Protein chains: 2
Amino acid sequence: MTTIKDVSKKAGVSVATVSRVLNNKKVKKETVEHVLRIMKELNYSPNQIARGLSNKKTKTIALVIPVINNPFFPELASSIEHIAHKYGYKIFLCNSDDSKEKLADYIDTLTSNYIDGVIINSHVVERVDIDKLIQNKVPIVTIDRKHFEHEFTHVSVKNKDGGGIAANHLLEIGCKRIGHIKGPENERNATERYWGYRTTVHKLDWYDQSYVVAGDFSVEGGYKAMKELLIKHPTIDGVFAANDLSAIGAMKAAYEWNIKIPDDLAIIGFDGIAMTKYMVPSITTIQQPLQKMGKIAFEELMNKINNPDAKIKHHELDVSLMLQESTLR
Amino acid sequence: MTTIKDVSKKAGVSVATVSRVLNNKKVKKETVEHVLRIMKELNYSPNQIARGLSNKKTKTIALVIPVINNPFFPELASSIEHIAHKYGYKIFLCNSDDSKEKLADYIDTLTSNYIDGVIINSHVVERVDIDKLIQNKVPIVTIDRKHFEHEFTHVSVKNKDGGGIAANHLLEIGCKRIGHIKGPENERNATERYWGYRTTVHKLDWYDQSYVVAGDFSVEGGYKAMKELLIKHPTIDGVFAANDLSAIGAMKAAYEWNIKIPDDLAIIGFDGIAMTKYMVPSITTIQQPLQKMGKIAFEELMNKINNPDAKIKHHELDVSLMLQESTLR
DNA sequence: TGTTAAAATGTAATCGGTTACAATAATTCG
DNA sequence: CGAATTATTGTAACCGATTACATTTTAACA
């Protein structure tokens with residue numbers, strides 16, 4: 001690998017000058033051109049590790065995501081990777097696998113690796129992890145999952161609106177009894193989605209709390225929840241699942257009981273993962289603007305990196321109805 | 001951040017000794033204990049960037065994957081991340097987004113970041129990229145996609161066997177006319193899967209080349225291919241899709257034509273992505289041993305890193321039939 | 001107990017950059 | 001035209017580790 005010294009020698013200038021050229025500092029125009037030419041000649045590219053040591057910055061951010069089995073996360077990760085690459089940032093992947101230990105491990109490595117910042121999407125993060133990051137002044141932005149979100153800039157969507165849109169949509173297509181499959185207890189997004197639904201239907205005469213059953217954002221959870229709903233309310237003809245995986249589980253349950261979708265039962269999910277398009281029938285869902293979320297999260301992180309005492313901001317983006325077959329009547 | 005100097009001062013020894021303790025070099029037992037105690041006291045953890053500069057090793061590997069929209073890749077990525085973390089390695093995520101430029105960009109950064117090695121799964125990689133890596137002596141292992149695989153240690157599965165198992169399974173459950181939805185032209189895995197199928201069915205009297213139609217590993221491709229098959233061969237009662245996404249597309253097509261699965265048409269895919277379980281009906285598939293693939297790829301990479309002239313090896317792992325509803329008769 | 005070999009530790013150069021400060025060259029202006 | 005600025009470049013310290021080589025300490029042995 002050619003180094004800055006090689007360039008300096010061949011160009012007949014000091015390494016300081018070469019470094020200045022690299023960093024666009026004040027250098028005479030002709031010198032810049034000359035040095036640049038030599039760099040090209042030697043096929044030089046600066047050693048990022050050395051730069052990192054000196055700058056305490058590495059143009060790398062960490063992306064903390066929970067387990068991979070909900071396709072929402074890869075899709076979100078992809079949107080972040082996309083924008084990060086545009087800005088010339090590298091991504092250090094921290095897949096927490098829903099394990100506190102593994103996550104703590106990762107958190108520990110961030111400081112000693114001069115990671116510039118972190119985008120966190122995990123409910124597994126603990127107070128002590130967060131404190132460690134804060135103490136080391138690692139800029140943080142949280143996305144999607146709400147956990148310590150009041151302490152940081154956070155990006156998520158208008159979950160309550162989404163819940164409302166979902167419930168209203170089911171009413172509009174003529175559903176008379178609408179159930180809800182909730183997300184995990186204590187998951188803020190889930191609760192908000194539930195409230196959107198509840199606000200929309202609670203004044204209707206058929207509604208009572210038994211139309212809401214617990215799920216856990218998983219296919220299996222949605223499956224069980226749907227069975228429960230069907231047992232409690234055989235006349236149910238619409239269901240709003242708190243996320244797409246649950247909706248898929250619900251569909252599976254309905255299928256087993258020979259209930260036709262959308263005719264006997266309309267199903268709507270939440271997230272807008274690609275899989276909803278592929279299901280048979282495809283599943284109507286409340287779409288989260290993934291690209292936008294990734295972009296905002298990343299840009300807020302950049303802001304925080306370049307301006308450590310930027311004040312925190314909470315972004316709640318709009319969601320939209322993605323109409324597909326499971327509610328097509 | 002406390003540095004090695006702080007530790008050295010407080011412990012009353014030289015930095016060299018501290019470094020030796022860090023690296024388990026010969027140091028008097030009492031000194032080791034003493035230094036270790038001081039480290040703990042100061043909550044010291046060595047700066048990995050500084051270490052990297054000196055060692056030209058960073059305990060980081062790059063993972064190059066194509067686009068994220070085939071869930072197979074996140075699942076594979078996850079398996080690699082899993083084992084890498086166990087070995088104390090970090091993962092630098094290179095999502096090529098199927099773009100040659102983006103990938104070339106990433107390749108360029110690897111050397112200047114002292115990335116220890118690369119696991120590549122991408123058909124987008126170009127000769128020039130590969131050459132750049134080779135020239136810089138970056139250890140490489142390829143996985144899944146076959147591209148330049150003869151130059152490197154490579155991990156994939158017995159695709160031909162898988163194709164055979166799939167076709168045989170369809171025969172065993174009584175299918176009389178079995179079509180095949182191929183993967184992309186020039187994709188070696190796809191070709192091998194096709195040969196497995198062909199070898200199994202080509203001597204049967206009904207078989208001719210028209211039972212094989214082109215797909216592209218996507219849902220849309222599978223959908224179109226299935227329609228084509230149904231038009232050409234209305235009596236078809238089994239189909240082997242070269243990957244799970246195609247199988248899903250095929251299911252969608254069948255559904256539109258009111259063909260019942262598995263009764264009228266049995267479908268089998270390839271890969272074993274989680275999604276197959278979730279489909280309604282769930283899709284029988286040929287499962288790739290993801291965890292094992294990730295483990296072997298990573299360990300081979302470690303081997304190559306620690307022993308640069310290790311000879312290349314080609315691993316072809318066994319696949320297995322994952323029986324689900326789409327072929328359940 | 002004095003020599004010598006072996007073990008333990010320290011000094012200082014090094015990895016490849018950045019940058020404060022010093023030095024030199026080019027301009028400006030009375 | 002010479003002093004004062006300003007622009008440009010160079011020197012050397014520094015980032016935080018590793019390690020070759022030198023030095024000191026300890027152990028072994030006659």
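All chains are named by letter (A, B, ...) in the order of the sequence lines, taking the proteins before the strands, and each is independently numbered beginning at 1. It should be emphasised that the depicted structure is a prediction, and the values quoted were computed from it without experimental measurement.
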Consider the side chain of [X], meaning its heavy atoms from C-beta on, and name the nucleotide among [options] that approaches it most closely.
X	options	result
Ala16(B)	dG10(C), dT18(D), dG16(C)	dG10(C)
Thr17(B)	dG10(C), dG16(D), dA8(C)	dG10(C)
Lys28(A)	dA17(D), dT19(C), dT9(D)	dT9(D)
Ser14(B)	dT8(D), dT11(C), dC15(D)	dT11(C)
Val27(B)	dT9(C), dA17(D), dG17(C)	dT9(C)

Taking only the side-chain nitrogens and oxygens of [X], find out if one of them lies under 4.0 Å from OP1 or OP2 of [N].
X	N	value
Thr3(B)	dC15(D)	no
Lys57(A)	dT18(C)	no
Asn55(A)	dG17(C)	no
Lys5(A)	dG16(C)	no
Thr31(A)	dT9(D)	yes
Arg20(B)	dT19(D)	no

Which whole-number value in Å describes the distance from [X] [atom1] to [N] [atom2]?
X	N	atom1	atom2	answer
Asn23(A)	dT8(D)	CG	C1'	16 Å
Leu53(B)	dA13(C)	CG	P	17 Å
Lys25(B)	dA17(D)	NZ	P	15 Å
Glu30(A)	dT9(D)	CD	C1'	14 Å
Lys56(A)	dG17(C)	NZ	C1'	13 Å
Lys9(B)	dG10(C)	NZ	P	14 Å
Ile4(B)	dC14(D)	CD1	P	17 Å
Asn24(A)	dT19(C)	CG	P	12 Å

Touch check for Ser19(B), heavy atoms < 4.0 angstrom, all strands: base, sugar-phosphate only, or nothing?
base
When we call it a touch if two heavy atoms are under 4.0 Å apart, what does Val18(A) touch: a base, just sugar-phosphate, or nothing?
nothing
For the NZ atom on Lys132(A), are there more than 12 heavy atoms of other groups (residues, nucleotides or ligands in this structure) within a distance under 6.0 Å?
yes
Is the number of heavy atoms from other residues, nucleotides or ligands within 6.0 Å of NZ (Lys102(A)) greater than 12?
yes
Do His85(A) and Tyr106(B) have their ring centres less than 6.0 Å from each other?
yes
Start at the 5' end of DNA chain D and walk down; is the nucleotide closest to Lys26(A) or to Ala50(B) reached first?
Lys26(A)
5'-most contact on DNA chain C: Ser54(B) or Ser54(A), nearest heavy atom basis?
Ser54(B)
Interface residues of residues 32-49 of chain B with DNA chain D (non-hydrogen, below 4.0 angstrom)
Tyr44(B), Pro46(B), Asn47(B)
Go through it in stages, so that I can follow the logic: the residues are Asp97(A) and Leu103(A), the test is side chain to side chain contact (heavy atoms under 4.5 Å, CB included), and I'd like the CA-CA distance, side-chain angles, deciding distance and then a yes or no.
CA-CA 8 Å; Asp97(A) 254 345; Leu103(A) 189 58; over 6 Å; no
Candidate pair Tyr87(B) and Phe298(B), rule ring pair (Phe, Tyr, Trp, His ring centres under 6.0 Å), full reasoning
CA-CA 9 Å; Tyr87(B) 276 75; Phe298(B) 182 81; 5.1 Å; yes
Salt bridge (Lys or Arg N to Asp or Glu O under 4.0 Å) contacts touching residues 294-310 of chain A (sequence neighbours left out):
Lys295(A)-Glu299(A), Glu300(A)-Lys313(A)
Can you check side chain to side chain donor-acceptor pair (under 3.5 Å) on Tyr114(A) and Asn55(A), steps first, answer last?
CA-CA 9 Å; Tyr114(A) 285 156; Asn55(A) 292 335; over 6 Å; no
CA sep, side-chain torsions, deciding dist, call: Gln288(B), Asp271(B), side chain to side chain donor-acceptor pair (under 3.5 Å)
CA-CA 5 Å; Gln288(B) 300 200 42; Asp271(B) 278 351; 2.8 Å; yes
